[in-house]
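Atom set for the values below is all heavy atoms of this structure, side chains included, hydrogens, waters and symmetry mates excluded. The model shown is predicted, which means the values in this text are computed figures rather than measured ones.
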Amino acid sequence: QFIQIVSNYWPFVFLILLNGILLFWLYPRRKKEILFEKPMKLYKSLTAGFIIFIFVAIGIRGGVQLRSISPKEAFIHKHYELGNLTLNAAYSMIRSIGKKGIKKETYFETDIEAKKYILNHRNFENSTKINYGKQNVIILIIESLSQEYIEKGYTPFISELAKKGLYFDKNMANGRRSIEVLPSIMTSFPSIIGKPIYQSQYQSNQFFALPKILKENGYKTSFYHGGKRGTMDFDAYCLSIGFDKYYALEDYPNQKHFDGHWGIYDNFYLNYFLKSLDSYKEPFFTSLFTLSSHQPYSIPALYKNKFPKGNLDIHESIGYVDHSLKEFFEKAKKKSWYANTLFIITADHTQKLETSKFNNEIGRYRVPLLFFHPKHDLSNYKSDRLTHHADILPSALDFLNIKHDKNLLFGNSVFSNTSGRVLNYISGNYFYYRKNHMIRYDGNNAQLFEVDENMFSIKALNSSEILKDLLDEAKGEIKVISS
């Protein structure tokens, strides 16, 4: 391969050789002049060394942001292939030190065989009833909002809004951490490889993400998070999957609204978000990730003791976030774009739980999912089905009647007649849910469980027929993504 690399990249080889010759010719003369004829005093050399070290360290990190640069930051260009040109060999080699390579798996002989397998086990149909034309889309991701908090009455506004839209109380998060939620929602790719996809060896892969698809269809796209730039790599990831702009704490005009821990208080940031949308040309797609209900659950002094404190530290902050959303929607109603907007509200994951109904393998992943449109009644669609974050992307495209040429592997439109299903990966085990059954699969052995109608309890079940059927479906999806 050495000869091939030299022949293909001869201009770089020429520059390297030229640089070596110049260094060989110039360095001895400069060395003699500086070190022998004009020796530098110790304090000056130490100062110069420290300054050089600082600049080198900043250069290696790629800046002074919270996290050092990662390969995915190279893939923010219009043409994805340019990302590979941006990366250089030295950086890539250093980043890969100590990392395990990708094991090649071959489950299917050809792509045709894989496609046939998928289509035999999955239904990708969309709804035939929707024809609303181009609409704005706003996805609101609420930090740590469990379905338990809603059922216990800590979110009166969300509960009231749910009555006017299409609400799924059997929705499952596809991860337990905030950094796992964005790929699930934006690319329909659940967290099933044991680590966030955009911090894995697959981070430079091309994904057909919602912002990218909508941008191709004439949408302006943006993402808002009130935390610092670099927080959980949100900024780099969002830009790599097609968002035009990423707005963070540094872009917010009044730093006095900083909560002292994570970022801008939710009520202030939602108001800033709302004002920003006034400058957007329709149609637009935007998403906002809240943060005030993240530990240590800080809320502004003005709102303290105004919401039920409940039995857990998080409960008061949940009431505050719900109130902030209420204020946001009351103001949004007066905007010209409001009537032409699909709102999708969900949460990244759950947090502290207090009841046995939710503090179990299923309940720990149950977060709300709400589709609301001010002008269109969505209540006639089936709302008692299983859903998960991966369903959001295909549902949004179905609602907008956008036909994409790439089949969505893990999600189904909630507006279609397909049955709900959920795939998760927890502590080395795959969990696959369908109707009233769940299997736990570790790659070798599978165990079948029966799930009660309200998803509050599970019990082991012995049925080889059901187990084989579910395992065949789950293995198909796992195999396809592994290959």
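Separating the CD1 atom in Ile138 from the OG atom in Ser222 is a distance of 9.0 Å, to the nearest 0.5 Å. With values rounded to the nearest 0.5 angstrom, Asp266 atom CG is found 9.0 Å from Asp259 atom CG. Taken to the nearest 0.5 Å, the CG atom of Leu270 stands 12.0 Å off from the CD1 atom of Ile264. Between the CG atom of Asn136 and the NZ atom of Lys220 there is a distance of 12.5 Å, given to the nearest 0.5 Å. Taken to the nearest 0.5 Å, the OG1 atom of Thr341 stands 6.0 Å off from the CD atom of Glu282. Here CG of Leu274 is found 6.5 Å from CG of Asn271. Values are rounded to the nearest 0.5 Å.
Summarising the geometry of Gly242 relative to Pro211, their closest heavy-atom pair is C-CB, 3.9 Å, with the distance given to 0.1 Å. Taking each heavy atom of Ile344 and Ala396 in turn, the nearest pair found is CD1-CB, 4.4 Å. Contact detail for Leu393 and Ile185: the closest heavy-atom pair is CB-O, 3.7 Å. A pairwise comparison of heavy atoms in Thr350 and Gly363 identifies CG2-O, 4.1 Å as the closest pair. Pairing each heavy atom of Lys335 with each of Asp278, the nearest pair is NZ-OD2, 3.0 Å. What you find for Leu291 and Gly226 is that their closest heavy atoms are CD2-C, 3.5 Å.
Two residues are said to be in side-chain contact when any heavy atoms from C-beta on lie closer than 4.5 Å; Asn436 and Phe449 fail this criterion. Ser395 has its side chain within reach of Phe415: a pair of non-hydrogen atoms, C-beta onward, lies under 4.5 Å apart. Within the 4.5 Å cutoff, side-chain heavy atoms of Asn217 are placed close to those of Ile213. By the 4.5 Å heavy-atom criterion applied to side chains, Gln135 and Phe399 are counted as neighbours. A 4.5 Å side-chain heavy-atom check between Gln295 and Trp262 finds every atom pair outside the cut-off. You'll find the side chain of Leu182 stays beyond 4.5 Å of the side chain of Ile241, heavy atoms only. Annotation: side chain of Thr346 is not in contact with side chain of Ile142 (no heavy-atom distance under 4.5 Å). Put simply, the side chain of Leu353 reaches to within 4.5 Å of the side chain of Arg364, judged on heavy atoms.
Under 3.5 Å, the side chains of Glu180 and Tyr425 contain no donor-acceptor pair of N or O atoms. Between the side chains of Ser146 and Gln351, no donor-acceptor pair of N or O atoms lies under 3.5 Å. Between the side chains of Asn412 and Arg421, at least one donor-acceptor pair of N or O atoms lies under 3.5 Å.
Put simply, the side chain of Tyr320 gets close to the backbone of Asn267: a donor and an acceptor are under 3.5 Å apart. Between the side chain of Glu250 and the backbone N or O of Arg229, at least one donor-acceptor pair lies under 3.5 Å. A donor-acceptor pair under 3.5 Å links the side-chain atoms of His315 to the main chain of Leu312, judged by distance alone. Judged by distance alone, the side chain of Tyr219 and the main-chain N or O of Lys134 form no donor-acceptor pair under 3.5 Å. At least one donor-acceptor pair under 3.5 Å links the side chain of Asn360 to the backbone N or O of Ser356. Within the 3.5 Å criterion, the main-chain N or O of Gly227 finds no donor-acceptor partner in the side chain of Thr231. Checking side-chain atoms of His349 against main-chain N and O of Val367 turns up no donor-acceptor pair under 3.5 Å. For Asn311 (side chain) and Glu354 (main-chain N/O), no donor-acceptor pair under 3.5 Å exists by modelled atom type. Side-chain N or O atoms of Glu316 include one that pairs as donor or acceptor with a backbone N or O of Asn305 at under 3.5 Å. Asp391 places no side-chain N or O within donor-acceptor distance of the main-chain N or O of Val414, the cut-off being under 3.5 Å.
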Could you walk me through whether Asp398 and Ser413 pass side-chain hydrogen bond (donor to acceptor under 3.5 Å, both in side chains), step by step?
CA-CA 6 Å; Asp398 191 12; Ser413 170; 2.5 Å; yes

Using the side chain to side chain contact (heavy atoms under 4.5 Å, CB included) rule, take Tyr149 and Ile314 through it: C-alpha gap first, then chi angles, then the decisive distance, then the call.
CA-CA 10 Å; Tyr149 308 153; Ile314 193 174; 3.5 Å; yes

Could you go through the side-chain hydrogen bond (donor to acceptor under 3.5 Å, both in side chains) check for Tyr247 and His225 one step at a time?
CA-CA 6 Å; Tyr247 296 93; His225 182 252; over 6 Å; no

Verdict with supporting geometry, Asn424 and Asn174, side-chain hydrogen bond (donor to acceptor under 3.5 Å, both in side chains)
CA-CA 6 Å; Asn424 265 343; Asn174 285 130; 3.1 Å; yes

Could you walk me through whether Lys170 and Asp384 satisfy the salt bridge (Lys or Arg N to Asp or Glu O under 4.0 Å) test, starting with their C-alpha distance in whole Å, then the side-chain angles of each, then the deciding distance to 0.1 Å, before giving a yes or no?
CA-CA 7 Å; Lys170 296 178 182 177; Asp384 61 347; 5.9 Å; no

If you apply the rule side-chain hydrogen bond (donor to acceptor under 3.5 Å, both in side chains), what do you find for Gln147 with Asp169, and how did you get there?
CA-CA 7 Å; Gln147 179 63 27; Asp169 63 356; 4.8 Å; no

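Heavy-atom neighbours of Lys326 NZ from other residues, nucleotides or ligands within 6.0 Å: at or below the threshold of 12. In the displayed structure, Lys275 atom NZ is contacted under 6.0 Å by at most 12 heavy atoms of other residues, nucleotides or ligands. Heavy-atom contacts from other residues, nucleotides or ligands closer than 6.0 Å to NZ of Lys152 number 12 or fewer. Counting heavy atoms of neighbouring residues, nucleotides and ligands inside a 6.0 Å radius, atom CG of Asp251 exceeds 12 of them.
Between Asp244 and Lys215, at least one side-chain nitrogen of the basic residue sits less than 4.0 Å from a carboxylate oxygen of the acidic one, meeting the salt-bridge criterion. A salt bridge is absent between Lys333 and Glu330: the closest approach of a Lys/Arg side-chain nitrogen to an acidic carboxylate oxygen does not fall below 4.0 angstrom.
When each of Tyr265, Tyr269, Phe268 is tested with His257 by the rule ring-ring contact (aromatic ring centres under 6.0 Å, His included), just one qualifies, namely Phe268. For the salt bridge (Lys or Arg N to Asp or Glu O under 4.0 Å) with Glu361, the qualifying choice from Lys459, Arg440, Arg176, Arg366 is Arg440, the only one to do so. The residue from Val137, Leu400, Leu342 that alone fulfils the side chain to side chain contact (heavy atoms under 4.5 Å, CB included) condition with Phe285 is Val137.
In this structure, Phe234 has its ring center at least 6.0 angstrom away from the ring center of Tyr246. Between His323 and Phe157, the ring center distance fails the sub-6.0 Å criterion.
In this structure, Tyr303 and Phe307 have parallel ring planes: the angle between them is below the 30° cut-off, well short of the 60° mark. Note on ring orientation: taking the six-membered ring where Trp is involved, the planes of Phe189 and Phe410 are perpendicular (angle over 60°, cut-offs 30° and 60°). Phe329 and Phe343 have tilted rings, their planes meeting at an angle from 30° to 60° on a 0 to 90° scale. Aromatic ring orientation, Tyr338 versus Phe372: tilted (interplanar angle from 30° to 60°). Ring planes of Phe431 and Tyr433: parallel class, angle under 30° (limits at 30 and 60°).
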